[in-house]
Amino acid sequence: MKKIKLLVNAMALGTMAFLYLPLMAVAFFSVNNTKYGLVWKGFTLKWYIQLLHNEAILHIALNTLILAVVSTIISTILGTALAIGMGRFPWPGKMNTILDLILHLPVIIPDIILAAALVIAFGLLRSLSSVFEPGLICMIISHITFQVAFVALVVRSRLISIGKDIEEAARDLYASTSYLLWKITLPLLLPGIIAGAMLAFTLSLDDFVISFFTAGPDSVTLPLYIFAAVRRVVTPQIHALATIVLFVTVILVFTMERFTRKKDIQ
Amino acid sequence: MAPDKGMLYLKGINKTYGSVKAVKDVTLEIKSGEFFTLLGPSGCGKTTLLRMIAGLEIQDSGSIILEGKDITRIPATKRQINTVFQSYALFPHLNVFENVAFGLRARKIPEKELKPKVQTALDILELGRMSTRFPHQLSGGQNQRVALARAVVNDPKVLLLDEPMSALDAKLRAQVQVELRRLQKQLGHTFILVTHDQDEALVVSDRIAVMKDGQIIQSGSPDDVYDFPKNRFVAEFLGAANILSGKFFDGMFHTDVGNLELDVQPSWEHGVIAIRPEWIKFSDTKPEQNGVRAKVTEIIYRGTNLDIWCEPGPIRVKSTTYKDFKIGDELWLELAPKELVVLDE
Amino acid sequence: MNKLMIWYGELIAPKKLLKRGALFLSPGMLWLIFFLVIPGLVLILVSFAGRGSYGELVWEFGLANYKRLVGYGIFGWTPDYIVILLRSVWVAIVTTGLSVVLSYPLCFFIAKKPERTRYVWLMMVIIPFWTNMVIRTYSWFLILAPEMPLAKLAAYFKLISPGMALYPSAFAVYLGMISIFLPFVALPLFSSVERMDWALVEAAQDLYSSNVRIFMHAILPQTLPGLSVGIILTFVPAMGMFVVPDLLGGAKYMLVGNLIEQQFGTSRDWAFGAAISMALMALTLFSLYLYRKKNKDIDLL
């Protein structure tokens with residue numbers, strides 16, 4: 001039995017190393033004082049400083065943020081309303097099945113297929129309006145399309161957990177429909193709505209495939225920029241950028257976890 | 001509507017779920033200021049009936065009349081009836097004060113009136129010091145009192161209680177039953193309680209209606225229902241009972257344990273009678289009337305009394321004398337005619 | 001009078017209630033129908049269309065794209081596309097399988113940690129889960145570079161010529177794929193492992209001598225719910241993956257994702273791209289179907 005325990009521990013630590021060694025290498029070489037090669041030439045922060053003075057990259061970072069914030073706000077509103085609309089009304093069984101299927105589509109479909117479908121759809125819509133030229137608007141529309149489903153699923157599971165008798169009690173205590181919505185349903189849903197919004201935000205920041213298909217020349221995001229750069233040549237500046245993105249991810253993950261944990265206690 | 005029909009009058013209520021008839025032609029009359037209990041096993045339709053009074057279910061036919069006014073088409077939001085839910089259904093994101101104030105705020109009662117009202121309700125239920133706590137910080141008993149305060153603060157015409165004590169432990173339950181009774185007398189409101197616990201029903205109620213399969217089998221004051229159960233179901237559901245079946249002829253009831261005289265003439269030829277264990281007397285000598293010679297087969301110690309099982313029968317007898325019984329003892333049982341209840345069917 | 005019903009304590013006519021429901025539902029649903037359902041249907045339609053000489057869509061419908069996909073081209077039959085499709089399925093199977101094998105020890109390891117440190121270890125798995133795919137993929141460039149021990153070791157054993165990197169190669173694709181998808185298996189699996197009843201495992205140790213039987217009878221049934229989620233979360237996106245093979249496989253190890261990307265990028269043949277997407281969709285649905293069928297059997301056991 002001891003042997004197995006030792007084996008399990010060794011494998012687990014090995015797996016952890018497997019997950020983290022490449023990322024640690026990126027962080028390590030982001031402070032290496034040489035432009036070429038992977039030989040240690042001393043510590044420097046110059047790649048980070050260069051990054052902060054690179055207008056193009058700052059513009060790209062801003063693009064990424066605008067895309068994430070706008071798509072998250074719209075998808076959270078749409079997704080929350082969708083969750084309430086699906087979960088709180090006596091739809092006939094068949095209609096429920098269809099709604100459920102549509103809601104799960106973005107989760108099941110490989111993202112490259114969604115991207116392909118959207119490229120063609122935008123291509124055809126372009127003949128109607130120039131809004132659908134590849135660029136930020138198309139990217140926002142695409143991101144909302146997959147975010148809505150995730151938000152709705154998260155909010156709906158929270159909605160189910162509220163239960164019927166709390167809302168009945170509010171009615172019994174003279175609450176009108178809007179009073180019930182604002183004072184009971186939405187406040188109780190709030191942890192779910194925030195969790196859904198954070199999920200949507202993270203999904204948007206993290207997305208590569210769908211952005212890659214729908215982006216225009218002026219609407220590059222950080223993942224797209226890094227992808228294009230590493231296909232040409234890997235520079236310490238890219239390592240620095242990747243390390244910053246990594247840090248932002250860690251912070252986001254920690255706040256997200258904090259939130260879901262707090263919700264569990266309640 | 002005739003005023004003599006009481007404060008709350010249910011007339012011919014029916015409710016079906018799919019193919020299940022949950023409530024069948026129930027007619028009931030509840031007086032103002034009365035503590036009324038719907039008693040029955042789970043699935044008997046008592047909760048459905050309560051929810052219809054609250055306005056949380058709608059009956060298929062029949063009407064609910066509150067103070068002479070048909071409230072069938074008045075929504076729960078506008079009925080001056082409040083409910084204490086089995087799960088309490090407290091609002092987890094509001095503190096005790098806000099939970100209790102909810103019904104007043106929803107009706108836009110000005111803050112000046114609201115505060116003293118909530119405070120009074122909290123004081124009555126001894127929650128004064130808990131007002132800033134949240135439901136998840138309170139014990140089950142405290143949450144139950146919050147649910148009560150949240151309902152009574154609205155001065156409802158009728159207060160409905162759906163198994164409010166099912167989540168409490170036995171000791172606390174006994175204490176809360178007495179408090180609930182006291183609270184009802186103090187406020188003078190009409191209370192309707194739903195329960196499957198016969199002890200609870202006997203302790204708190206002015207009147208009890210025993211339900212089975214969506215119908216009301218018998219209603220009346222606790223002692224009435226206990227002393228004169230209408231049929232076998234009521235006799236056995238409310239307390240313990242010995243049920244004897246046999247034939248009635250020649251002015252006597254002929255059973256396996258012997259021939260018994262009855263005070264009341266049964267309307268049937270073949271049927272059952274009941275006698276409660278505590279109504280049977282022991283004696284060493286043969287009683288004048290309805291004596292049964294029996295042998296002790298089992299003795300159960302109950303703390304306050306002994307339960308003694310005898311053959312033939314078996315007949316269960318409750319003894320509070322602590323006489324030294326032994327298994328196999330032979331003795332006389334007196335099933336006095338005035339204690340024998342003739343049951344329907 | 002209108003027939004009334006009571007819904008969540010509200011007395012209302014069913015029609016009025018559903019009208020209100022539609023009000024909540026319609027913005028999101030219309031969005032999904034407009035930008036998901038209809039584009040999906042158009043994608044199916046386009047897969048039967050043709051390509052004009054400037055890469056534009058030609059609305060003449062036929063099976064040409066599908067014929068091309070199964071290998072019938074101008075120069076006779078070639079298995080190229082079929083190979084890519086099969087390879088994608090194979091890569092997804094291997095990735096999922098190895099991720100499962102690595103996830104079990106990892107989950108047991110974390111589950112056995114005391115409560116305080118367990119959270120930290122779990123976060124260590126959650127962070128890669130959310131780290132950008134492009135970064136995680138290219139980070140292997142550094143580990144597999146010629147200067148690094150791994151490449152030197154391979155050169156020593158004459159697996160590659162000295163001074164060469166270990167990428168692009170099939171090996172690099174597998175490494176990248178597993179490192180990306182491992183958290184997708186480990187996290188759902190952990191939620192099951194955490195709730196596992198270890199008493200059952202101990203009982204099984206008394207009953208069976210072989211570790212395989214202990215795993216099959218005591219561990220697998222208990223962890224199946226989490227494992228199922230993990231396998232689905234990995235297998236489906238792994239088939240359509242395109243970043244990893246693009247960066248770590250290059251032209252040497254193309255997968256169906258790269259093929260689709262090519263049609264929408266350099267080749268500009270949307271119709272053919274749509275047909276390949278349909279093939280990937282068919283594979284996805286087929287594996288989901290197989291999986292559900294299989295899973296029912298497992299549940300019965």
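Just the heavy atoms: all of them, side chains too, but no hydrogens, waters or symmetry mates, feed the values below. Letters A, B, ... are given to chains in the order of the sequence lines, protein chains preceding strands, and every chain is numbered from 1.
- The structure places CG of A/Asp165 at 11.0 Å from OG1 of B/Thr83, a figure rounded to the nearest 0.5 Å.
- Contact count against chain B (heavy-atom pairs under 4.5 Å) is highest for A/Ile166 among A/Ile162, A/Leu190, A/Ile166.
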Go through the steps for B/Arg107 and A/Leu173 under the test side-chain contact (heavy atoms from CB on, under 4.5 Å), then give the verdict.
CA-CA 9 Å; B/Arg107 278 179 297 171; A/Leu173 293 165; over 6 Å; no
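- Put simply, of B/Gly55, B/Ser87, B/Ala54, B/Pro75, the one with the most heavy-atom pairs under 4.5 Å next to chain A is B/Ser87.
- Sparse packing is recorded around CE of A/Met24, with 12 or fewer heavy atoms of other residues, nucleotides or ligands lying under 6.0 Å away.
- Residue B/Leu104 does not touch chain A at all, counting heavy-atom pairs closer than 4.5 Å.
- The local environment of NZ in A/Lys164 is crowded, with over 12 non-hydrogen atoms from other residues, nucleotides or ligands closer than 6.0 Å.
- A/Tyr174 and B/Thr77 make their closest contact through CD2-O, 3.1 Å (heavy atoms, listed as atom of the first residue, atom of the second, distance).
- Surrounding CD1 of A/Ile66 are more than 12 heavy atoms belonging to other residues, nucleotides or ligands, all under 6.0 Å away.
- Within the 4.5 angstrom heavy-atom criterion, only backbone atoms of B/Leu90 (N, CA, C, O) approach chain A.
- At least one donor-acceptor pair closer than 3.5 Å links the side chain of B/Asn82 to the backbone N or O of A/Asp172.
- Among B/Gln86, B/Arg105, B/Gln80, the residue making the largest number of heavy-atom pairs under 4.5 Å with chain A is B/Arg105.
- Rounding to the nearest 0.5 Å gives a distance of 4.0 Å between CD of A/Glu168 and CZ of B/Arg51.
- No more than 12 heavy atoms of other residues, nucleotides or ligands lie within 6.0 Å of NZ in A/Lys183, so this atom counts as exposed by the packing criterion.
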